[in-house]
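Everything below concerns the one structure shown next.
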Amino acid sequence: MSTTIGVVTAYWCERAWLSSGVTDRVRVDADDAGLVTAVEVGVQPEPPDMRLAGVVLPGLANAHSHAFHRALRGRTQGGGGTFWTWREHMYEIAERLDPDSYRRLATAAYAEMALAGVTCVGEFHYVHHAPDGTRYDDPNAMGEALREAATAAGIRLTLIDTCYLTGGFGRPLSTVQRRFGDGDAGKWAERVAALEPGPTSRIGVAIHSVRAVPTEQIATVVAASSGRPLHVHLSEQRAENEECLAAYAATPTQVLHDHGVLGPATTAVHATHLTGDDIGLLGGAGVVTCFCPTTERDLADGIGPARALHDAGSSLALGSDQHAVVDMFEEARALEMHERLDTGQRGRFAPDELLSALTRAGHSSLGWPEAGRIEVGAPCDLVAVRLDTPRTAGVDPTQVVFAATNADVDTVVIGGRAVVQAGRHLLGDIGRLLSEAIDAIWSGR
Ligand SMILES: [Zn+2]
């Protein structure tokens with residue numbers, strides 16, 4: 001059990017992934033603010049240290065989430081279809097949410113993430129208003145529901161409030177999309193200005209996509225970001241590129257470049273169908289690219305040029321996006337495995353590069369640059385991964401990312417507090433929590 005000596009809580013790790021690599025017998029102290037105050041290596045555990053077996057990683061960042069998509073898992077696989085028919089199912093759920101059901105579903109979805117070792121999530125949030133498009137009494141009621149959910153689940157949140165104005169190039173929002181829109185970017189910015197960061201939450205902004213924000217509105221969103229994380233869905237589907245070329249005679253990346261969107265605080269999500277020039281623009285501007293491989297394969301999007309982007313200067317983050325799978329190890333492995341299938345080469349990314357995407361780069365993308373590392377001054381966010389399960393027994397700890405699954409996460413410490421212990425979340429039975437939240441939405445209760 002976790003114990004406190006004065007204001008210090010101590011965790012002793014059998015092995016931990018430090019900036020110097022996997023290191024044996026590491027003691028991590030945290031103060032009552034949840035920050036790391038000391039990291040000692042080569043030491044023995046002493047009561048009352050909490051012992052963490054296996055290999056301990058820094059907290060994992062899930063850099064791209066739509067919490068409500070969790071209600072679609074295992075419900076969109078019949079009858080084939082395309083990304084666009086999947087989107088019709090997604091709108092069915094979006095239509096049914098209210099602040100209360102959104103909070104319950106997101107609490108369960110974020111608790112599932114905590115069980116998988118996620119200590120910080122970036123929620124790309126656009127279900128802002130009532131179904132008919134009118135504002136709730138609190139215009140940020142839906143965003144605050146997400147913040148309450150993350151607090152209840154014990155994880156950090158970057159609430160990425162998303163500007164979503166049109167239903168496609170030159171098209172108004174459809175009936176079901178009305179609740180996403182604020183009318184124009186000025187009204188969107190005014191609403192977002194009322195959102196303040198909290199002790200475990202920060203605020204970011206997003207341009208939904210070049211489909212959903214007309215070019216003349218983009219500068220307002222960029223100005224409102226004021227150095228905070230600025231995310232954007234980019235070239236997930238070929239159809240978006242074709243329509244963008246028809247509308248603007250430019251690729252989506254070029255449009256973002258021309259309107260001042262690209263920079264080191266920017267994260268491009270998906271970045272699947274890019275030209276060589278697009279890759280140069282993203283890398284040259286130091287844009288983070290967030291791949292969501294389990295979503296991109298589920299939706300038949302394609303395989304994005306991850307290594308080429310990395311080599312051009314873009315750091316890579318990872319997200320579970322629609323949550324067909326919530327397993328960040330699987331996302332990281334898939335980044336490498338999809339590259340292997342695409343190129344016929346192994347070793348496109350080293351294990352440490354994959355772990356960096358899950359930790360440091362993911363947190364930077366979400367505006368927590370001090371997190372994702374086990375160092376003095378960093379938040380005490382730790383993920384203990386067992387090395388004695390049927391999946392992980394015998395693996396080299398430095399290559400654990402190629403073997404572990406979410407089921408191998410034993411203990412998750414967030415801000416010095418153990419949110420998951422022995423594979424069990426503070427909130428109890430998360431399967432039941434998910435079932436109840438999802439059933440209530442589909443049955444209209
Ligand atoms: Zn998305």
Side-chain angles (χ1 to χ4, degrees), residues 1-3 8-31 34-62 113-120 154-156 327-329 332 351-352 354-363 368 370-389 391-426:
M1 293 300 290
S2 174
T3 47
V8 174
T9 303
Y11 294 93
W12 182 84
C13 314
E14 195 176 6
R15 293 172 205 84
W17 188 65
L18 307 179
S19 55
S20 52
V22 173
T23 306
D24 289 347
R25 299 186 302 283
V26 177
R27 187 170 190 266
V28 180
D29 290 348
D31 63 15
L35 300 177
V36 174
T37 55
V39 179
E40 294 174 88
V41 303
V43 297
Q44 294 302 321
E46 288 175 20
D49 294 356
M50 181 176 179
R51 296 176 65 134
L52 302 179
V55 60
V56 175
L57 307 174
L60 310 182
N62 188 352
M113 289 181 202
L115 284 172
V118 172
T119 58
C120 185
I155 73 173
R156 300 178 196 282
D327 185 335
M328 299 312 293
F329 300 115
D352 276 7
L354 298 177
L355 284 179
S356 290
L358 288 178
T359 55
R360 291 174 202 147
H363 282 94
W368 300 81
E370 73 278 34
R373 57 195 76 224
I374 302 173
E375 286 174 11
V376 172
C380 184
D381 297 352
L382 308 171
V383 178
V385 182
R386 289 177 59 167
L387 293 176
D388 61 351
T389 72
R391 292 163 296 279
T392 58
V395 310
D396 176 342
T398 66
Q399 298 183 21
V400 68
V401 68
F402 280 94
T405 70
N406 53 6
D408 303 310
V409 172
D410 182 78
T411 302
V412 180
V413 175
I414 306 179
R417 178 171 75 133
V419 172
V420 174
Q421 287 190 72
R424 194 166 169 82
H425 191 279
L426 285 174

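Everything quoted here is computed from the prediction, not taken from an experiment.
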Nearest non-hydrogen partners of [X] and [Y], listed with the distance:
X      : Y      : answer
Gln44  : Trp12  : C-NE1, 3.6 Å
Gly54  : Glu14  : N-OE1, 2.9 Å
Leu358 : Met328 : CD2-O, 3.4 Å
Val36  : Glu375 : CB-O, 3.2 Å
Arg156 : Trp368 : NH1-CZ3, 3.7 Å
Thr37  : Ala30  : OG1-N, 4.0 Å

Could you give the distance from [atom1] ([X]) to [atom2] ([Y]), rounded to the nearest 0.5 Å?
X      : Y      : atom1 : atom2 : answer
Arg373 : Ser19  : CZ    : OG    : 8.5 Å
Leu60  : Thr119 : CG    : OG1   : 6.5 Å
Leu57  : Thr359 : CG    : OG1   : 8.0 Å
Leu426 : Arg417 : CG    : CZ    : 5.5 Å
Thr23  : Glu40  : OG1   : CD    : 13.5 Å
Ile414 : Ile155 : CD1   : CD1   : 6.5 Å

Evaluate the side-chain contact (heavy atoms from CB on, under 4.5 Å) criterion for residues Phe329 and Leu354: first the C-alpha distance (whole Å), next the side-chain angles of each, then the deciding distance (0.1 Å), finally the verdict. CA-CA 9 Å; Phe329 300 115; Leu354 298 177; over 6 Å; no

Under 4.0 Å between a side-chain nitrogen and a carboxylate oxygen: does that hold for Arg27 and Asp29?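 Looking at Asp29 together with Arg27, the answer is yes, because their closest N to O distance falls below 4.0 Å.
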
Does a donor on one side chain and an acceptor on the other come within less than 3.5 Å for Thr389 and Asp408? yes

Leu115 vs Asn406, side-chain contact (heavy atoms from CB on, under 4.5 Å): CA-CA, chis, key distance, verdict: CA-CA 7 Å; Leu115 284 172; Asn406 53 6; over 6 Å; no

Trp17 and Val400: CA distance, side-chain angles, deciding distance, side-chain contact (heavy atoms from CB on, under 4.5 Å) verdict: CA-CA 11 Å; Trp17 188 65; Val400 68; over 6 Å; no

Any non-hydrogen side-chain atom of Leu382 less than 4.5 Å from a side-chain atom of Thr411? no

Among Val56, Val55, Thr398, the one residue meeting side chain to side chain contact (heavy atoms under 4.5 Å, CB included) with Arg15: Val55

Side-chain donor or acceptor of Asp410 paired with backbone N/O of Val385 under 3.5 Å: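 No; judged by distance alone, with no hydrogens or angles, the pair does not exist.
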
Does CZ in Arg391 sit with more than 12 non-hydrogen atoms of other residues, nucleotides or ligands closer than 6.0 Å? yes

Apply the test side-chain contact (heavy atoms from CB on, under 4.5 Å) to residues Leu35 and Glu370: give CA-CA distance (whole Å), side-chain angles for both, the deciding distance (0.1 Å), then the verdict. CA-CA 10 Å; Leu35 300 177; Glu370 73 278 34; over 6 Å; no

